[in-house]
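Along the sequence shown, the residues carry numbers beginning at 1. We count ligands from 1, going down the list as the structure has it; atoms in each ligand are counted the same way.
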Amino acid sequence: MEYDFDLFTIGAGSGGVAASRRAASHGARVAICEAGRVGGTCVLRGCVPKKLLVYAAHFADDVEDAAGYGWHVAPPAHSWPELIAAKNQETSRLEGVYRKMLADAGARLIEGRAKLLDAHTIEVGGQRLTAAHILLAIGGHPVTPKIPGVEHVISSNEALDLPTLPRNIVIVGGGYIAVEFAGIFHGLGAAVQMVIRGEELLNGFDDDVRVHLAQAMRARGIVIHTRTEIAAIEPEREGFNLTTKAGGELSADVVMYATGRLPNTTGMGLAEIGVALHPETGAIRVDEWSRSSVPNVYAIGDATDMLNLTPTAIAEGRALAETLFNDNPTSARLDVVPTAVFSNPTIGAVGLTEREARAQFAAIDVYRTLFRPLKNTLSGRDEKTLMKLIVDRASDRVLGAHMIGPDAPEIIGGLAVALTCGATKKQFDRTIGIHPTASEEFVTLRTKLPDPKAKAAE
Ligand code: NDP
């Protein structure tokens, strides 16, 4: 049977666009369907606008630090509306770039909400279209716990478009989004309180990094309420009153929740055509080839139960296009995935944390350094950089590299190549560093931390 398209992608975000362009470049007849703006979470509501705001906030540090270098800067003033207008202009420009890239690749953009009627038939705006392969690149959305008054809170979507900078904001959650927005709002001049249900921020990151981040954020003036859960939110004459489960009270102009995201998998006929979803999260179950439980239906990115990161969605999308349309079976390799948090200070991590490595390997060595970056000497900024390497004692392979401090994402991005190649500690030691930089510390680490097992046996 002849279908209208070889590939029908639903969702024009980073993953969907990457897959569609690659498929079209191999000669496939491709349609890509989008219900909102082209570009997806990363370009329109996530990574890109967030990072622009991170840059904006960082100027506050730069101005402060400049004094130690002889600059006399008058107290600066910041305009939030100007920043948001500039950010919107850039995201609109990027949307145009995405549209052009799709058109240049020969993929047909179909605007509207898609629904699957069967494994080969899609309905968009009353029109029925057929495809040999369907790719679900439908992304996710923020979720909030169901508590009284939760309708008053904003998510990161609205935080990027507030009409004015809040004077004080409460941010609930301690993950990527919460810590990044805490740094943004604090840097731009808001009073920030974070509310987390555990003891530390950033579950899943290396414990030393987590402790260091909380210390640094507190030292900058961000209040972190640990082991605290919000029971109810009530509007007041100005702002909101929050009651905690333990009976405490907090108040804020704006309450933001960053308590995780869930896939956009409801209301489009997925379960009806037999696509298996995770019973709790609704994530599409896929194998290492991005195949769902329906043979010609695939899923990538935030809609799946794999990693929720833009570069992994892109890698999955390109791998799928190679497999389907270039006779080149490719599975996106997701075992060594670096990640960064654009908190202030920034974090970069690749490979295993110390805790994960101890659980998986018989014996590991841990190298750690804590130092004051050169720039902070003259500026007088009292913030240190932490770096850590985790090494498998038996093979000498470096299992993990972690950093918190200026430029951590850039430095860890480079180290990810070494870990992907399976580099050993000896190879790190043989590497010549660049002086004077922070990155040279990673190749000059010589002193192992005492082994906790050996210490306990003493
Ligand atoms: P995360 O999953 O990273 O963090 C969610 C946070 O909310 C955790 O601290 C969690 O606590 C807390 N939480 C969850 N449920 C509740 C609840 N009912 N009450 C109170 N606290 C709760 O989600 P984010 O929303 O921060 O980000 C979503 C995803 O977006 C990330 O997983 C990441 O993949 C991606 N992202 C990546 C970025 C990057 O690469 N730089 C930047 C931003 C987002 P606990 O730890 O106790 O479970």
When the side chains of residues 224-235 are checked against the rest of the protein, which donor-acceptor pairs come out under 3.5 Å, sequence neighbours left out?
unit_1: H225; atom_1: NE2; unit_2: Q193; atom_2: OE1; d: 2.7
unit_1: R227; atom_1: NE; unit_2: E199; atom_2: OE1; d: 3.0
unit_1: T228; atom_1: OG1; unit_2: T226; atom_2: O; d: 2.6
unit_1: E229; atom_1: OE1; unit_2: K245; atom_2: NZ; d: 3.3

Checklist entry - Between E238 and R167, is there a salt bridge with N-O shorter than 4.0 Å? => result yes

Output a table of donor-acceptor pairs, distance under 3.5 Å, between side-chain atoms of residues 174-183 and any protein atom two or more places apart or on a different chain; print 'none' if there are none.
unit_1: Y176; atom_1: OH; unit_2: T339; atom_2: OG1; d: 2.7
unit_1: E180; atom_1: OE1; unit_2: K50; atom_2: NZ; d: 2.7
unit_1: E180; atom_1: OE2; unit_2: K50; atom_2: NZ; d: 3.3
unit_1: E180; atom_1: OE2; unit_2: F342; atom_2: N; d: 2.8

Item to check | ring-ring contact (aromatic ring centres under 6.0 Å, His included) partners for H212, two or more places apart | outcome: none

Checklist outcome for this item: Closest non-hydrogen contact found for G351 with E356 is O-OE1, 4.3 Å

Next on the checklist: Can you confirm whether more than 12 heavy atoms, excluding those of E236, are under 6.0 Å from its CD atom?
Outcome noted: yes

Next on the checklist: Give the residues near ligand 1 by chain and number, with the criterion being a heavy-atom distance under 4.0 Å.
Outcome noted: K50, P145, G173, G174, G175, Y176, I177, E180, R197, N203, A258, T259, G260, R261, N308, L309, A340

